[in-house]
Structure formats: structure tokens, C-alpha cells
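Below is one structure, written out as C-alpha cells, with a few remarks after it.
Note that the structure is predicted; figures quoted are calculated from it, not measured. Sequence lines set the chain letters: A, B, ... in the order given, protein chains first and strands last, and positions in each chain run from 1.
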Amino acid sequence: MSEKNHLYLVDGSSYIFRAYHRLPPLTNPMGVPVGAVYGYTTMLWKLAKDLHDADGPTHLAVILDHSSQSFRNEIYDQYKANRPEPPEDLRPQFPLIRDATRAFSLPCIEMEGFEADDLIASYAEAAVREGWDVTIVSSDKDLMQLIREPAEGPHVDMLDTMKNVRLGLEAVNEKFGVTPDLVGDVLALMGDSVDNVPGVRGVGPKTATKLIQEYGNLTAALDGAATMKASKLRDNLIEHRAMAELSRILVDLKRDCDLPDALDDLKLGAIPPLPLKTFLDEHGFRSLSAKLDLGATPGGPPTLPRAASTPAAAPDAPSTPTLPPMPPIDRSLYETVTTIEALDRWIEAARAAHVVAVDTETATLDSVTGTLVGVSLSTGPGKACYIPLGHGGTDMFAEKPEQVPMADALGRLHALFADEAVLKVGHNLKYDIGVLAQHGIAIAPYDDTLVMSFALDAGKHQHGLDELSKLHLDHVCLSFKDVCGTGKSQISFAEVQLDRATEYAAEDAEVAWRLWKLLKLRLPLEGGTRVYEMVDRPLAAVVETMERAGIMVNRDYLARLSGEFANDMLRMEGEIHELAGQPFAIGSPKQLGEILFDKLGLKGGRKGKSGDWSTDQNELERLERDGVPIARRILEWRQLAKLKSTYTDALQQQINAKTGRVHTSYSLVGAQTGRLSSTDPNLQNIPIRTETGRQIRDAFIAAPGHVLIAADYSQIELRLAAHMADVPELKEAFAQGQDIHAATAIELFGEVNRDTRGKAKTVNFSILYGISRWGLAGRLEVTPDEAQALIARYFERFPGISDYITDTLDSARAKGYTETLFGRKTWFPRLKAASQNERAGSERAAINAPIQGTSADLIKRAMARMPKALEAAGLDDVKMLLQVHDELVFEAPEDKAAAAGDVIRTVMMAAAEPALTLSVPLEVEIGIGKSWGDAH
DNA sequence: ACACTCACG
DNA sequence: GACGTACGTGAGTGTT
């Protein structure tokens with residue numbers, strides 16, 4: 001190569017501080033501050049653009065500080081000790097520097113234990129040995145030690161890109177009055193207040209320069225103090241000699257670090273535009289993005305690709321943000337708060353910190369009626385307390401421990417929890433909101449680490465506090481079992497000794513605080529802020545209100561149904577045993593399989609992995625078609641058994657004694673796609689598909705003088721599929737209000753009749769779920785070849801669907817996750833699993849997730865807006881009670897039902913706005929009735 | 001604790 | 001050629 005190599009070493013860490021103070025506080029579309037990142041990005045752009053200039057780079061690397069700790073801290077523990085914390089809006093920008101660098105496909109080098117300065121010095125030294133010129137892009141005065149301008153041989157200079165000046169020997173002389181090799185001596189005398197290098201007291205830049213000029217070097221200057229005339233300076237030099245010598249070591253640059261990347265690997269080539277474009281657009285750097293569109297690739301016209309030593313990170317594997325180091329969690333630090341004075345002290349601390357983690361402990365795991373036993377607070381690492389409020393008293397002879405009276409404590413906590421200026425943090429705050437609502441206490445504003453974790457990592461792992469603690473904090477929490485035991489010997493939290501209760505409860509609060517610190521930082525960096533703040537976080541309080549409202553259930557009616565079912569089952573049991581020729585447990589699939597396939601010798605059975613005969617619905621229906629009378633009986637018996645045990649019996653037991661209503665519990669993080677799930681009892685799977693099952697819906701009733709309103713999105717997932725996959729025929733059919741399955745039947749079969757419409761419906765759903773020819777064949781009872789032909793026909797008629805599937809899978813494989821229209825991520829780690837089966841399963845789930853997830857986002861947006869919309873219409877006595885994925889159930893005073901229906905429909909139909917406008921209309925069907933069954 | 005079955009969208 | 005047979009859930013029952 002004829003051209004001389006010229007290495008540019010960019011001091012990324014120091015640059016960002018300067019850019020932060022110099023540039024306006026820009027924010028990206030997600031609301032993350034990116035002013036400094038923008039400055040950094042324009043600088044990199046400019047540097048890369050100068051590639052072919054005479055003095056421009058041939059090689060380039062960005063050097064970063066690995067952490068705030070380095071070997072210098074071992075030499076001097078006060079090194080950089082009094083650095084102020086970086087401003088709040090600068091913090092999230094640090095990790096973005098790495099993302100920006102990767103977006104340019106440039107190497108980003110850092111090394112544990114060393115500062116950026118050391119790596120820069122080592123790279124500069126190595127390059128000079130190779131005869132390369134070096135430019136250090138920085139304005140850090142410490143690095144001026146490295147400047148060299150020999151008459152012959154390689155040069156090292158510095159470039160201050162903000163002032164756009166090059167710094168050489170002259171600049172060094174101007175600043176320090178000495179040559180670069182003596183800069184360290186000057187620095188050692190003057191010290192550095194920013195890095196907390198002590199230097200010599202009373203010696204600043206002027207005196208330091210003068211001394212070094214006069215005596216020639218540091219040692220000589222210190223030695224010379226003895227012969228100076230008596231002065232404060234002389235005394236200081238003698239007294240602080242050791243400090244000066246220590247400082248000399250601290251300011252010295254380590255020039256022989258191992259080089260993580262070889263020099264040749266730093267070669268600058270054409271910059272691939274795509275990752276850069278993605279980055280620029282993500283952060284709203286529009287002018288740069290526009291330049292890129294005009295073909296102005298920084299780095300000039302495409303040349304040979306750079307030999308990448310640092311493999312370009314996957315675009316969505318942002319660097320893990322680093323938090324300031326924290327001491328390990330220590331349960332011995334926690335305080336048990338038993339006096340008003342101590343409580344006030346903690347509340348004051350929370351106000352001062354503006355953030356407090358909160359956890360409530362209850363006697364039973366029931367937020368609607370569980371008695372409050374205590375509250376824990378944490379204001380930071382090592383700072384947590386437990387305020388017992390309802391301990392003891394379960395045994396009337398036992399002495400109650402001393403506690404702050406419940407009313408006094410709640411009065412004070414009430415003010416704190418309502419304080420706008422104090423952010424309340426908790427893990428699954430929906431629970432705590434519910435518990436405190438019993439005492440008339442509301443919590444706002446709040447952050448929920450459970451919901452935050454879900455917004456970031458859905459699909460990667462679960463989100464329990466203990467699990468996240470292990471994962472993110474490397475800390476094992478005391479488990480509930482450790483404290484309360486299990487099974488028969490389990491005790492209520494109210495019976496736990498205060499010291500033990502404090503360890504457990506305060507730890508949970510501290511862990512929540514630490515998790516919050518980490519997750520809060522990650523949200524903006526990983527694009528989770530929008531879904532979290534706009535959808536999921538507000539929903540926690542809304543859903544809690546629904547849970548607390550509960551729904552009225554007609555116990556007598558359920559009891560009557562149970563009785564009828566029991567009678568019918570008894571009758572069937574006799575018939576079944578007779579047909580079988582012997583009595584057996586019909587509810588045991590194992591016994592039933594043996595009766596059917598071994599004893600009765602029926603043919604065509606299949607066995608599952610356990611080696612037992614399958615007796616599922618499909619199998620029994622097949623037998624029924626083959627004319628086996630016992631099969632029909634068993635199917636009917638099973639249906640009744642299911643309805644009785646799961647619904648008519650169980651629901652009666654779920655009626656809350658205090659409220660007389662049934663209160664389900666919704667999980668905000670239960671389904672990976674973003675759907676809610678419902679437990680204790682599950683009110684999202686109440687029967688509707690069969691006439692017998694439907695009767696159970698009539699047990700759900702409105703309070704006297706009220707009605708239930710059921711509002712359903714019609715065909716929402718198919719509509720979303722039509723929009724997302726951009727299928728003109730389907731969109732048109734929806735726009736005209738056509739029967740979508742009939743329209744599909746015409747496309748697939750050329751005509752509509754009961755048979756083709758049914759098949760078309762099955763195919764439509766197959767598409768949403770990720771189709772396979774075997775799966776479809778099984779459902780349609782055709783051969784896999786015929787199913788394949790149908791699929792091919794479908795893709796041919798609706799090519800958008802085929803593209804959607806391809807694109808979704810490509811993107812999911814590349815990024816590791818899928819996204820809904822509103823930006824909710826679902827991760828699919830098994831997409832790259834070794835097993836073909838696992839992969840195929842993940843692929844189907846990945847095809848479905850954006851559609852199911854977008855539908856979930858839509859109804860959640862509607863739910864989050866509903867309370868205010870109803871209130872604005874003067875309908876604040878209309879209560880939202882249930883959500884069943886595409887349906888909302890409300891309870892309204894009879895005379896307000898019609899008005900409420902209008903508001904509800906409007907809010908649900910507009911749920912996508914203003915974030916986006918769908919290319920298909922959303923339709924909402926409203927039904928009103930005295931029972932849930934009536935409302936459909 | 002797990003498999004099976006089945007209720008829902 | 002083997003694999004296993006649609007996406008997402010929760011609950012009850014029987015078996016190990």
C-alpha cells in the first residue's frame with residue numbers, strides 16, 4: 001500500500017460529556033434523551049467521510065471506558081471518587097454510544113481494568129512502532145502526553161472535533177509550557193479535581209509549569225524544594241511530596257496494554273448503509289438519515305468491506321446498560337419500624353429520594369379481602385424497612401408485638417403514596433393497589449417492575465421477583481416458603497416473627513428498587529417505553545379496579561344446574577357401564593382406553609407418549625361415526641363432568657363471602673403475546689359453544705336495577721391479518737361488511753355453500769396460527785396433499801399472506817423477537833433450537849404473535865381509556881367487569897345502558913388511534929341483558 | 001409433578 | 001426420512 005496508514009483513535013467516553021453540555025436536549029421518538037448521542041453520531045459521520053482526504057483516517061477505532069473502575073483505584077482508592085453522578089438525562093445515552101458505533105460498523109474497544117486513555121496510549125504506541133500516523137480524537141489534556149512531531153517518522157496529534165482544531169507540539173507547549181514527555185510531571189504537581197488526583201496543595205497549572213520548566217522534571221522539582229527560600233509553596237512541596245509521586249503514577253498512561261483487536265483489523269472501509277439507516281431512523285436523526293438516502297454513505301463509495309474483527313452486534317442486542325456499582329444485598333441492614341418517629345423518618349427519606357419501592361404483606365393471598373399485615377419500603381441499596389401493622393393476635397393468648405397503630409401509619413403512608421412528586425415502585429403493584437384500596441389509599445404515580453420486565457423480556461423468561469433477582473442481581477431472595485413454611489405447617493404472615501418478617505419484606509422492597517433501576521434504564525434503550533407507558537402500566541390500575549368490582553353470580557341457579565348435571569351423569573354412568581360390560585372410572589382416560597380398545601377391541605386407536613390409548617374428543621367422535629354407541633355416551637358424560645366440576649361446582653365456591661361476587665385475578669404478564677390471562681377463577685373460558693355449556697353464562701348476572709353490557713370486537717384477528725399482511729381482497733371484503741369466510745370460500749373454491757364456507761373458515765384460522773399441511777389435513781379431514789393444494793391456492797390468491805409469513809419469520813430469526821403494530825416485543829429463543837420440532841413450533845407461534853399481540857394491544861388501549869371516557873360522558877357508575885380477549889363486559893344502571901354502549905363502542909373502535917390508522921374498519925357488537933348469556 | 005382432557009378467544 | 005400434526009391460555013381429574 002503506497003498510502004501511509006493513519007489511525008484515528010476516538011475517545012468516545014470523554015466525547016459524550018462534552019457533547020451533552022454543548023448540544024440542546026434532543027429526545028428520540030421514544031422520548032429518550034439523545035442530544036449527546038446525536039453529537040457523537042455527527043462526529044463519527046464526519047470522520048468516516050474524511051476517509052479519502054489527505055489527512056483522513058485509513059484506520060479507526062472507538063475506545064471506551066469499560067467501567068468507572070480501573071487499576072488506578074487499586075493504587076489510590078480516592079481516584080475519581082468525588083465524580084458527580086452524571087445527569088439523569090445523560091445516563092441512558094452511554095450505552096447508545098456503543099449502539100451508534102456499531103451502526104457505523106466500526107470497532108468499539110474497551111478493556112476491563114483500564115481506562116480509555118490507557119488503550120489509546122497503547123494503540124498509539126503500537127501504531128507508531130509500525131510507522132503509522134495517529135490522530136487521537138479527544139480534548140482530554142492527559143492525552144497530550146502522547147503527541148509527537150519528529151522531523152522524520154510517524155506523528156501523533158490530537159483532533160478536537162468540536163472546535164475543529166488539530167493539536168500538536170505547539171498546543172502542548174501553549175497549555176503546559178513543556179514538551180509532551182513532561183506533561184505527566186506537570187499534571188502530577190497540579191493535580192486534577194475532576195479525577196480527584198491530589199497533586200500538591202496550592203499548586204495549580206501555572207506554578208506546576210513554572211516548577212517543571214525551572215527544575216527540568218518532577219523529581220528534580222521536589223528535590224529542589226529543600227533549597228527554596230522559605231514559602232508556603234516550599235512547605236507544600238515538602239509536605240505533599242508523597243502525594244505528588246502518587247499523582248505521577250495516576251496520570252501516567254499505560255502504554256503496553258494487550259490490544260484486543262489487531263491494528264490491521266481497524267481498517268476503515270465503506271460503511272454498510274442498512275444498520276446505520278436503522279439506527280438513524282430509530283432515534284429520529286432525520287437530516288443524517290436523509291443524507292444517507294441520497295447515497296451519501298459516510299466513508300465514500302463502496303470499497304472492499306472492512307475486515308470486521310468485532311462482529312457487528314445483532315441490531316437488537318443493545319449493550320447491557322451498566323449501573324453504578326452497588327453493594328451486595330445485606331438483610332442485616334433492614335430496620336423494623338415500630339414508632340411514629342421512625343416511620344416519619346422513612347417517609348421523609350422517600351420524599352427526598354423521590355422514588356420509593358413499596359411492598360405490602362397480607363394474611364392471605366387475596367388482594368380483595370386479604371388483611372393488611374405490614375408494608376415495606378426501600379429508598380435504595382441497603383436502605384429498606386418493614387412496618388409491621390397487623391402482626392400477632394392470631395392466638396388470643398399470645399402477646400402482640402409493639403407496632404405503629406394501623407390508622408396512624410396508614411394516614412402517613414396515604415400522603416406519601418398519593419404524593420405526585422414521589423414515584424412508587426413495586427413488583428406486581430396491582431396487588432398492592434388492591435390491598436391498599438381496601439383502606440381507601442391510592443398509589444400514584446407508579447412503576448411496576450413486573451410489567452417492565454414483561455415489556456422487555458416477554459418470551460425470554462418468567463418475571464417473578466425471585467427469578468428476576470437471581471437473573472439480574474445475582475441474588476437469591478428469601479422465599480415465602482422459608483418464612484411461612486408449606487403445606488399443613490404453613491403459617492400466616494401475621495404470625496411471622498418481626499425480625500424474620502423484616503428480612504423478607506424489606507428485601508422484596510429493596511430488590512424491587514434495584515430491579516427498577518436497571519429496567520428503567522433498559523426500557524428506552526430497547527424500545528419498550530411506548531408499550532409500557534402507554535398501554536401496560538396504566539392498565540395495572542384499571543385491571544385492579546375490575547378485579548375489585550367482581551361480577552355477581554347466581555348461586556342458586558348454579559346449584560340447580562349442578563344437581564341436574566349430576567342426575568344426568570348418574571343415568572349415563574349406568575348406560576356406559578352396561579355397554580362396557582363392567583363398571584369402571586369413566587373419568588380415567590387410562591381405564592377408558594383399556595375398556596374401549598383392549599376389552600371391546602375397537603380398532604384404529606392411537607397411543608400417546610405414555611403408551612396409553614388416546615380417548616380424546618377426536619378419537620371418540622371417530623368411533624361415534626363408526627357406529628360405536630358407547631362413544632356418544634362418553635362424550636356427553638364428559639361434557640357434563642367438565643361443566644359440573646369446572647364451572648357449576650367451582651364457581652359457587654368462588655363467590656366472595658364479603659362482597660357476594662366473584663373476583664377473578666388477571667395476570668398482566670401471563671401470555672407471551674401480551675394477552676391477559678385470568679385465574680381463580682378463570683373467567684375467560686366460561687362455556688358458550690354448546691347449548692348445555694351456554695346455560696352457565698346465565699349464572700353471571702347484573703346487580704338489581706342494572707344490566708350487563710357485552711361488547712365484542714368482530715373478527716378482530718382476521719381484520720388485523722388483512723391489514724398487517726396487506727391483503728386487498730380481504731380488506732375490501734371487510735370494508736364492505738361481507739361475510740369474510742364466504743369471501744374466502746369464493747377465492748378458494750369458486751362458490752359458497754355450507755361446506756366450502758366451513759372449510760374456508762378453517763383455512764382462515766389456520767393462517768393465523770401458522771399453517772402446516774398435516775395440521776390442516778387433520779382439521780379438514782382431507783389428505784395432506786389436498787391440504788397442501790389448498791394452502792398453495794390461498795397463498796396464490798392472497799400473496800400478501802405468504803409475504804407476511806416470510807417477512808415475519810425472517811425478521812424474528814434475525815432479531816430474536818416479533819413485534820406488534822404498537823411495538824410490543826415477544827422473544828422467540830427457541831426459533832434457533834436444535835430440534836426441528838421445537839423450531840417449527842416456535843415458527844408457528846412467531847407467525848401468530850404479532851396478530852394476537854396487536855389484538856391484545858388494541859383492547860388494552862381501549863380498556864386504559866375506558867374509565868375516563870365513561871366519566872367524561874357522565875357514566876362513572878358504569879363499571880368495566882371482565883375482559884375475554886376480544887370482549888369487554890360492563891355493568892350499568894338500566895337507564896344508562898344505551899348511552900354506555902355508545903361510549904364503549906366508540907372507544908373500542910378508535911383503539912388504534914392516534915398511534916395508527918388501520919386499513920380495515922374495526923367493528924364492535926354490543927349486547928345488553930340481565931345476564932351474560934342474555935347480553936350475547 | 002405430570003399427562004390428559006377440555007373450556008375459552 | 002423422521003418428526004408430529006394450529007396459536008394463546010387455566011382448571012380439574014387421575015396417575016405416578
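Under the salt bridge (Lys or Arg N to Asp or Glu O under 4.0 Å) criterion, A:R555 pairs with no residue at all, not counting sequence neighbours. Qualifying ring-ring contact (aromatic ring centres under 6.0 Å, His included) partners for A:F765, counting only residues two or more places apart in sequence or in other chains: A:H741. Here A:F828 pairs with nothing under the ring-ring contact (aromatic ring centres under 6.0 Å, His included) rule; sequence neighbours left out. Every residue two or more places apart in sequence or in another chain that forms a ring-ring contact (aromatic ring centres under 6.0 Å, His included) with A:Y794 is listed here: A:F798. For A:D482, the side-chain hydrogen bond (donor to acceptor under 3.5 Å, both in side chains) criterion is met by A:S479, not counting sequence neighbours. Under the rule for a ring-ring contact (aromatic ring centres under 6.0 Å, His included), the partners of A:F454 that lie at least two apart in sequence or sit in another chain are A:H463. In this structure A:E575 satisfies the side-chain hydrogen bond (donor to acceptor under 3.5 Å, both in side chains) test together with A:R633, sequence neighbours excluded.
At C:dT9, none of the side-chain N or O atoms of A:R675 fall inside 4.0 Å of OP1 or OP2 (strictly under the cut-off). Neither OP1 nor OP2 of B:dG9 sits under 4.0 Å from any side-chain N or O of A:S855. Proximity of A:N837 to the phosphate of C:dG4: a side-chain N or O atom is located under 4.0 Å from OP1 or OP2. Phosphate contact (OP1/OP2 of B:dG9, side-chain N/O of A:R689, threshold under 4.0 Å): present.
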List, one per line, each side-chain donor-acceptor pair under 3.5 Å for residues 770-782 of chain A, sequence neighbours excluded.
residue: A:S772; atom: OG; partner: A:G775; partner atom: N; Å: 2.9
residue: A:R773; atom: NE; partner: A:Q788; partner atom: OE1; Å: 3.3
residue: A:E781; atom: OE2; partner: A:R625; partner atom: NH2; Å: 3.2

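The OG1 atom of A:T818 sits 10.5 Å away from the CZ atom of A:R824 when rounded to the nearest 0.5 Å.
No contact: A:E887 has no heavy atom under 4.0 Å from any strand. Among the atoms of the strands shown, only primed sugar atoms or phosphate atoms (P, OP1, OP2) are found under 4.0 Å from some heavy atom of A:I688.
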Seminar exercise, completed: Pairing string of DNA chain C (Watson-Crick or G-U wobble, both atom distances under 3.5 Å; | = paired to other strand) is ......|||||||||.
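Residue ring and nucleobase are stacked for A:Y769 and C:dC7, with a centre distance beneath 5.5 angstrom and an angle between planes beneath 30°.
Out of B:dG9, B:dT5, C:dT9, the shortest distance to the side chain of A:V884 is found at B:dG9.
Listed by first and then second residue, the side chain to side chain donor-acceptor pair (under 3.5 Å) pairs that reach into residues 583-593 of chain A come to none, sequence neighbours excluded.
The stretch residues 775-799 of chain A does not touch DNA chain B, since none of its heavy atoms comes less than 4.0 Å from the strand.
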Exercise. Going 5' to 3' along nucleotides 10-16 of chain C, which nucleotides have protein heavy atoms under 4.0 Å from the base (write B), which only from the sugar-phosphate (write S), and which from neither (write -)?
Worked result: BBSSSSS
